[in-house]
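Okay, structure first, notes after.
Below, chain A is the first sequence line, B the second, and so on; all start at residue 1. None of the values given here were measured: they were computed from a predicted structure.
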Amino acid sequence: MRMSQYFLPTLKENPAEAQIVSHRLMLRAGLVRQTSAGIYAWLPLGFRVLKNIERIVREEQDAAGAQEVLMPTIQSADLWRESGRYDAYGPEMLRIKDRHDRDMLFGPTNEEMITVIFRDGVKSYRDLPKNLYHIQWKFRDEVRPRFGVMRGREFLMKDNYSFDIDRAGAIRSYNNMFVAYLRTFARMGLKAIPMRADTGPIGGDLSHEFIILAETGESAVFCHKGLIDKDILGRTIDYSGDLQPIVNEWTSLYAATDEMHDKDAFEKIPEGERLAARGIEVGHIFNFGTRYSKPMNAVVAGPGGEQITIEMGSYGIGVSRLVGGIIEASHDAAGIVWPESVAPFRVAIVNLKPDDGAVMGACVKLYDALQAKAVTVLHDDRDLRPGAKFADMDLIGTPWQIIVGPKGLAAGKVELKNRKTGTREELPIDQLAQRFG
RNA sequence: CGGGGCGUAGCGCAGUCUGGUAGCGCGUCUGCCUUGGGCGCAGAAGGUCGUCGGUUCGAAUCCGGCCGCCCCGACCA
């Protein structure tokens with residue numbers, strides 16, 4: 001993409017409404033614009049990041065055996081009357097009426113809908129287990145939206161639902177998602193820690209929140225320091241096997257959110273190993289047994305012909321929230337520092353002198369070579385002073401910057417800068433493309 | 001939902017107390033100049049001062065209603 005053609009409205013100054021760093025940077029770097037309280041439009045650069053996050057989530061869900069569906073945003077109130085949650089949910093639910101005066105709502109979550117879809121389509125224990133997910137916009141009419149996309153009213157969430165014949169199966173499904181979540185967040189460059197959590201209004205008896213540590217986090221969290229650097233990506237995962245040992249490895253160390261905090265247990269950890277911090281919830285998994293299947297009569301025939309109520313779980317990842325969460329976890333004074341896996345562009349070419357034919361020619365050649373290797377690249381061909389370009393590029397945080405100017409080019413060299421470490425190296429221009437791909 | 005604050009140019013703000021020609025910085029546009037970390041000079045465009053009503057010869061400014069946004073708390077992916 002040529003930056004001179006790109007819709008990328010960056011801001012030099014911090015907008016007054018933005019308090020926390022991720023919100024400020026998302027506005028300044030031209031990722032989003034607010035359209036009303038807690039509701040955001042995604043601009044080209046931000047949308048690319050959102051799509052990258054979505055892609056990682058999707059790949060890991062698919063790898064763990066979940067199947068993608070897409071359910072609507074607008075739901076009928078009748079669904080929620082069946083589970084008893086229509087009255088219980090409260091003013092967070094955006095209730096609307098259609099032209100025939102029917103009660104509808106903008107879905108805050110999809111347990112009821114998926115239960116009905118599943119119940120109507122599956123009648124035998126032979127069809128279990130199943131795990132269905134979708135990535136869809138949700139609306140929760142928060143009393144006080146804040147922190148940009150981290151606590152918006154409209155947000156993109158991956159939610160999925162598992163269906164099993166018995167508790168043992170349900171726990172296998174739970175463990176699959178537990179491990180899939182560890183991998184998902186790790187791939188985004190995040191250190192997400194699963195913590196024992198309250199099940200809240202969704203109900204159930206087994207639940208973990210996946211928390212990333214950040215000073216601006218909304219909740220106080222407590223855990224064993226050993227959890228921070230545990231690695232999941234270096235292992236081969238067999239989702240058809242028994243994942244309980246891996247889950248145990250993580251859950252054997254203390255980690256709990258404020259509501260579930262057990263002070264005595266925490267203080268048994270040697271003092272140097274304790275970590276009391278603040279965190280941002282980026283995922284939440286629940287096993288809730290028959291909380292929905294029972295009232296909604298989701299049953300299958302068992303081997304002996306008996307009716308068995310399905311065991312369920314639900315699992316959520318705040319996709320749009322993650323954009324803010326990743327920035328909270330990865331930024332510096334100059335701007336965003338994107339992990340490569342989610343960066344809107346992996347490489348930026350900083351063309352220091354676009355009106356110099358040789359410099360422009362070298363940039364275009366580099367651009368084409370990188371594109372040919374399927375490397376996403378943004379070419380700053382704007383007619384601006386170098387300082388402004390460097391500042392913009394650091395602000396939007398592309399992981400690699402290739403700086404091409406007349407001085408270096410005269411010696412056949414360009415500079416490669418790493419956004420995260422700040423290290424720069426001079427490289428012969430014809431060797432550059434092979435560094436990527 | 002309790003408490004607090006704010007709404008003036010694209011962004012950040014002053015002006016409001018004490019009513020009298022709509023201001024500053026950044027950004028934008030034009031020209032010159034400059035070009036390895038947000039250059040310099042000159043010129044220009046851009047605002048029914050959130051909105052509706054009231055007071056007044058006259059309202060961004062005083063009074064009232066409404067709308068919007070932000071912050072703290074309680075609540076939440």
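Close placement of the A/F210 and A/F178 rings is indicated, their centers lying within 6.0 Å of each other. For A/F118 and A/Y292, the gap between ring centers reaches or exceeds 6.0 Å.
Of the candidate nucleotides B/G36, B/C76, B/C13, B/C13 has the atom lying nearest to any side-chain atom of A/A16. Picking from B/C76, B/G36, B/C70 the nucleotide with the shortest atom distance to the side chain of A/E92 gives B/C76. Of the candidates B/C76, B/G38, B/A74, the closest approach to any side-chain atom of A/A391 belongs to B/G38. Residue A/K12 has its side chain nearest to B/C26 when only B/G73, B/C26, B/G37 are considered. Distances from the side chain of A/Q34 to the nucleotides B/C26, B/C69, B/C76 place B/C69 closest. Closest contact between the side chain of A/R146 and the listed nucleotides B/C1, B/C11, B/C71 involves B/C71.
In this structure, A/E142 places its CD atom 15 Å from P of B/G73, rounding to the nearest Å. Rounded to whole Å, atom C1' of B/G38 lies 9 Å from atom CG of A/L384. With rounding to whole Å, A/L11 atom CG is found 15 Å from B/C13 atom C1'. Atom pair A/R28:CZ and B/G12:C1' shows a separation of 12 Å (rounding to whole Å applied). The separation between A/M150 atom CE and B/C76 atom P is 18 Å, rounded to whole Å. The separation between A/E218 atom CD and B/C71 atom C1' is 14 Å, rounded to whole Å. Counting to the nearest Å, the P atom of B/C69 and the CD1 atom of A/I39 are 9 Å from each other. Between A/D356 atom CG and B/U34 atom C1' the separation is 15 Å, expressed in whole Å.
Across B/G15 and B/A9, the matching C1' atoms stand 15 Å from one another, rounded to whole Å. Taking atom C1' in both B/U61 and B/G50, one finds a spacing of 16 Å when rounded to whole Å. Distance check on atom P: B/G54 versus B/A42 gives 47 Å, rounded to whole Å. Atom name C1', nucleotides B/G38 and B/G5: the rounded distance is 32 Å, in whole Å. Spacing of C1' atoms, B/A60 relative to B/C13, comes out at 15 Å, to the nearest Å. B/G4 and B/C11 have their C1' atoms separated by 25 Å, with the value rounded to a whole Å. Between B/U51 and B/C33, the two C1' atoms lie 47 Å apart (nearest whole Å). For the C1' atoms, the distance linking B/G25 with B/C69 amounts to 24 Å, nearest Å.
With hydrogens and angles left out, the side chain of A/E13 and the base of B/G25 share a donor-acceptor pair within 3.5 Å. Counting atom types as modelled, A/D394 pairs a side-chain N or O with a base atom of B/G37 as donor and acceptor under 3.5 Å. A donor and an acceptor atom sit less than 3.5 Å apart, one in the side chain of A/R424 and one in the base of B/G37. A donor and an acceptor atom never sit less than 3.5 Å apart when one is taken from the side chain of A/K417 and the other from the base of B/G36.
For the pair A/K373 (side chain) and A/A433 (backbone), a donor-acceptor distance under 3.5 Å is present. Side chain of A/K138 to main chain of A/Q136: a donor-acceptor pair is present (N/O by atom type, distance under 3.5 Å, no hydrogens or angles).
With a 3.5 Å ceiling on both atom-pair distances, B/C39 lacks any Watson-Crick or G-U wobble partner. Across all strands shown, B/C49 has no partner, as no Watson-Crick or G-U wobble contact with both distances under 3.5 Å is found. Across every strand in view, B/C62 sits in a pair with B/G54 that passes the Watson-Crick or G-U test at under 3.5 angstrom. Pair check for B/G2 finds B/C72; Watson-Crick or G-U wobble, both atom distances under 3.5 Å. Nucleotide B/G7 is matched to B/C67 when pairs are restricted to Watson-Crick or G-U wobble geometry with both distances under 3.5 angstrom. Under the Watson-Crick and G-U wobble criteria, each requiring two contacts below 3.5 Å, nucleotide B/A22 is left unpaired. When both distances must be under 3.5 Å, the Watson-Crick or G-U wobble mate of B/U28 is B/A44.
Heavy-atom distances under 4.0 Å link RNA chain B to no residue of residues 175-187 of chain A.
Contact annotation for A/S320: no contact, since no heavy-atom pair falls under 4.0 Å across all strands. The residue A/Q19 sits close only to the backbone: its heavy atoms come under 4.0 Å of sugar-phosphate atoms, none of a base. Residue-level contact check: A/G152 touches the bases, meaning some heavy atom is under 4.0 Å from a base atom. When heavy atoms are screened at a 4.0 angstrom cut-off, A/G90 is found touching no nucleic acid atom at all. In this structure, A/R33 reaches neither bases nor backbone, as no heavy-atom distance under 4.0 Å exists between it and the strands shown. Nucleic acid contact for A/E209: none, since no nucleic acid atom lies under 4.0 Å from a heavy atom of the residue. A/I403 comes within 4.0 angstrom of a base, heavy atoms only. As judged by a 4.0 angstrom heavy-atom cut-off over every strand, A/G405 is placed among the base-contacting residues. Among the protein residues, A/R153 comes within range of no part of the nucleic acid, since none of its heavy atoms lies under 4.0 Å from any strand.
Under a cut-off of 6.0 angstrom, the local environment of CZ in A/F47 is sparse, with at most 12 non-hydrogen atoms contributed by other residues, nucleotides or ligands. Residue A/E215 places its CD atom among 12 or fewer non-hydrogen atoms of other residues, nucleotides or ligands, all under 6.0 Å distant. The number of heavy atoms from other shown groups lying within 6.0 Å of NZ (A/K365) does not exceed 12. Within a 6.0 Å sphere centred on CZ of A/R196, other residues, nucleotides and ligands contribute 12 heavy atoms or fewer. Heavy atoms of other residues, nucleotides or ligands lying less than 6.0 angstrom from NZ of A/K97 number more than 12.
Contact annotation: A/R385 reaches the phosphate of B/C39 (side-chain N/O to OP1 or OP2, under 4.0 Å). Using a 4.0 Å cut-off, no side-chain N or O of A/K353 falls inside it from OP1 or OP2 of B/U35. Here A/R151 does not reach the OP1 or OP2 of B/C76: none of its side-chain N or O atoms lies under 4.0 Å away.
For the pair A/R2 and A/Y367, the cation-pi test (distance below 6.0 Å, angle within 45°) is failed. Under a cutoff of 6.0 Å and an axis angle of 45°, A/R48 and A/F345 form a cation-pi pair.
The residue among A/D383 and A/P15 whose nearest nucleotide of RNA chain B lies closer to the 5′ end is A/P15. Of the two residues contacting RNA chain B, namely A/R144 and A/L395, the nearest-nucleotide position lying further toward the 5' end is that of A/L395.
Taking CE from A/M113 and CE from A/M71, the interatomic distance works out to 7.0 Å, rounded to the nearest 0.5 Å.
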